[in-house]
Amino acid sequence: MIKDFILPDIGEGVVECELVEWLVAEGDTVAEDQPVCDVMTDKALVQIPAPFPGVISKLYYAKGEIAKVHEPLYAVEVDAADSEAPVPAASADTAASSSTNTTASADSQVEDFMLPDIGEGIVECELVEWLVAEGDTVVEDQPICDVMTDKALVQIPAMKAGKIVKLHYRKGQLAQVHQPLFAIEVAAESGSAPVAQTAAASASSGSTSAVSQAQTQAQSGSQTAGSSMVPQGKALASPAVRRMARSLDVDIAKVPGSGKNGRVYKEDIERFLKGATPQAQAQPQTLPQGQVQTGAAATANDRVEPIKGVRAVMARMMTESVSSIPHFTYCEELDLTELIALREAMKVKYSNDELKLTMMPFFMKAMSLALTEFPVINSRVNADCTELTYLGRHNIGMAVDSKVGLLVPNVKDVQDKSILDVAAEVTRLTQAARSGRVAPADLKDGSISISNIGALGGTVATPIINKPEVAIVALGKVQTLPRFNAKGKVEARKLMQVSWSGDHRVIDGGTIARFCNLWKQYLEQPQEMLLAMR
């Protein structure tokens, strides 16, 4: 039988990912746990394995497209013994399908409730709280859940009475408009019997896609993939376009859409009123290399690329950080001559394939010791700046320039680790980040960050705080410069410029200066750092 593989949860808060590379092709035979594809979330590169053996019958996405979590990723033909829900060949009252309308019994059926338009321009919302549980019986108009849009808290009621069969989202996840929110078992209507018969007949022929198609046609409000019009008066369009159609008294289902999968735009409605046809039924999402879509003629050297994945998240987070946190910068000079000599003497003995004794572990451990004396630097402030949380763990992040963009994994519990323990973690995280395969847990719960701009030759910077942290430091490159010693003679010293950025809602200039001086003392006099360790 043919079975769809549903893309599972691949990270907290992740609702979609980019298909980076298929590792199989249609027609290939795969074994259980064999890697099928690489996908890129907004946090890391993830490899998707096959949960059961079979033959790949269809790949639903092309390389570079965006795949949705909880949606089919590929179809695989499996033996009945390998399937978790085999379909009897001659069964007339059971259909093996995960589609939106299935027969539960002779007098009831299971339907998916589609999340409706809940505001102009709203395409997704956060599931704040379920007010029911799976197995509960609900009545018409009973509140089912609370969802939070970017504008307000909205309560979603039940459209029909019945029994809750499945909740498609967990608390805190993002629900998509026009996608299933929950499944409910309701009394069968007069027109549902032919659907069940059609689904059972399709299942007996071993075609899951045919079952889905027959059942989808019976559900009001579902979408027909690849078609320019959606049956029963529904079309693929944004709320603004629907409002324009209503104001012009136009049946939007009759308007040929020029977008992908028949999406209707405002220009399509205008052309429909003029009696013209759309220029294209399926416009490409990206332009060919060397072309730009502008009002004027495109030049030969311009190239347009979508911003997505890690870079899109970085753009959003940095914009939010700058717009919501009042930054201030503090700079200092560190004399690392003694520390560099100590590290050079130790690295030959302690460095190996799994541990590289760089300068970073010393910076992290010294910072952790200083945070113990200045806990406000290791804190978080709430959104309206009414509460300050002092963090007990020193999870120190380090910015890594990886092949997929800027990643900031963090070493957990530096306060409890030795310098060699920190060095092992730094080595592991650096290798993982540069390959783009950092685990989501390594990117979460950071408390303060270090950005090593000196690795690329920089000296001074104004780093942007990694929200919700309250401070970040940029390390400049080490320079050999002349300085006067205690006897008044000039000698060569190993110097580094460091640039701090602080959240001025929480930290003042005097606090960060005193904190930096203590951190500087531990680094310039390594023996002081050793004595401060517990």
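All heavy atoms count here, side chains included; hydrogens, waters and symmetry mates do not.
Counted within 6.0 Å of CZ on R434, heavy atoms from surrounding residues, nucleotides or ligands total 12 or fewer; the atom is thus considered open. Residue M159 qualifies as open at atom CE: its count of foreign heavy atoms under 6.0 Å is 12 or below. By the neighbour-count criterion of 12 heavy atoms within 6.0 Å, atom NZ of K412 is densely surrounded, having more than that number from other residues, nucleotides or ligands.
When every heavy atom of V414 is checked against every heavy atom of M364, the shortest pair comes out as CG1-O, 3.8 Å. Closest heavy-atom contact between R505 and A383: NH1-O, 4.4 Å. Contact record, S379 with Y390: CB-CA, 4.2 Å, taken as the closest heavy-atom pair. Minimum interatomic distance between L73 and A67 (heavy atoms only, all atoms of both residues): CD1-CB, 4.1 Å. Closest approach of V470 to I465, counting heavy atoms only: O-CD1, 3.8 Å. Among all heavy-atom pairs drawn from C145 and W130, the shortest one is CB-CE3, 3.6 Å.
S447 and N395 share no side-chain donor-acceptor pair at under 3.5 Å. With no hydrogens or angles considered, a side-chain donor-acceptor pair links S449 and E469 at under 3.5 Å. In the model, E185 has a side-chain atom that pairs as donor or acceptor with a side-chain atom of S108 under 3.5 Å. Donor-acceptor pairing under 3.5 Å is recorded for the side chains of H168 and D112.
Between L181 atom CG and Q176 atom CD the span is 11.5 Å, to the nearest 0.5 Å. Taking OH of Y169 as the reference point, atom CD of Q179 lies at 6.0 Å (rounded to 0.5 Å). The distance from atom CG of L167 to atom CZ of F113, rounded to the nearest 0.5 Å, is 12.5 Å. Here the CD1-CD1 distance, from I184 to I144, works out to 6.5 Å after rounding to the nearest 0.5 Å. If you take CD on E26 and CG on L59, they are separated by 4.5 Å, rounding to the nearest 0.5 Å. The CD1 atom of I450 sits 11.0 Å away from atom CG of N410, with the distance rounded to the nearest 0.5 Å.
With respect to E140 and K160, no salt bridge is recorded, no charged nitrogen being found less than 4.0 Å from a carboxylate O.
Residues meeting the ring-ring contact (aromatic ring centres under 6.0 Å, His included) test with H327, sequence neighbours left out: none. Under the rule for a ring-ring contact (aromatic ring centres under 6.0 Å, His included), Y61 has no partner lying at least two apart in sequence or in another chain.
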List the steps and the verdict of side chain to side chain contact (heavy atoms under 4.5 Å, CB included) for V138 and V132. CA-CA 8 Å; V138 298; V132 297; 3.8 Å; yes

L115/H178 under side chain to side chain contact (heavy atoms under 4.5 Å, CB included): CA gap, chis, key distance, verdict: CA-CA 5 Å; L115 182 60; H178 302 310; over 6 Å; no

When you look at E425 and K417, which way does the salt bridge (Lys or Arg N to Asp or Glu O under 4.0 Å) test go after all the steps? CA-CA 10 Å; E425 276 293 280; K417 289 182 167 65; 5.6 Å; no

Run the side chain to side chain contact (heavy atoms under 4.5 Å, CB included) check on L7 and E71 step by step: do they pass? CA-CA 6 Å; L7 182 60; E71 295 289 335; 5.9 Å; no

E111 vs Q109, test: side-chain hydrogen bond (donor to acceptor under 3.5 Å, both in side chains). Steps then yes/no. CA-CA 7 Å; E111 296 181 356; Q109 64 185 20; 2.7 Å; yes

Determine whether V186 and K163 satisfy the following criterion, side chain to side chain contact (heavy atoms under 4.5 Å, CB included), listing intermediate values before the conclusion. CA-CA 7 Å; V186 299; K163 178 181 178 182; over 6 Å; no

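Between D442 and L429 there is a side-chain heavy-atom pair separated by less than 4.5 Å. Contact of the V376 side chain with the L388 side chain is registered, since non-hydrogen atoms from C-beta on lie closer than 4.5 Å. Contact annotation: the side chain of V250 never approaches that of M244 to less than 4.5 Å [non-hydrogen atoms, C-beta and beyond]. Counting only heavy atoms from C-beta outward, the side chains of S258 and E267 never approach each other to under 4.5 Å. Residues S501 and T462 have side chains in contact (heavy-atom distance under 4.5 Å, counting atoms from C-beta outward). Under the 4.5 Å side-chain criterion, counting only non-hydrogen atoms from C-beta, Q34 is not in contact with V36. Residues V55 and V30 are not in side-chain contact: their nearest non-hydrogen atoms beyond the backbone lie 4.5 Å or more apart. Annotation: side chain of V400 is in contact with side chain of P409 (closest heavy-atom distance under 4.5 Å).
Of the residues listed (E18, E124, E16), the one engaging K68 in a salt bridge (charged side-chain N to carboxylate O under 4.0 Å, His left out) is E16, and it is the only one. Put simply, the residue from I464, D503, I472, N466 that forms a side chain to side chain contact (heavy atoms under 4.5 Å, CB included) with S321 is I464. Each of I448, V422, N378, V426 was scored for a side chain to side chain contact (heavy atoms under 4.5 Å, CB included) with I396, with one residue passing: I448.
A donor-acceptor contact shorter than 3.5 Å links the side chain of D251 to the backbone of A253.
Ring centroid separation for the pair Y60 and Y74 does not come in under the 6.0 Å cut-off.
Residue pairs meeting the salt bridge (charged side-chain N to carboxylate O under 4.0 Å, His left out) criterion with at least one partner in residues 390-399, sequence neighbours excluded, are R393-D413.
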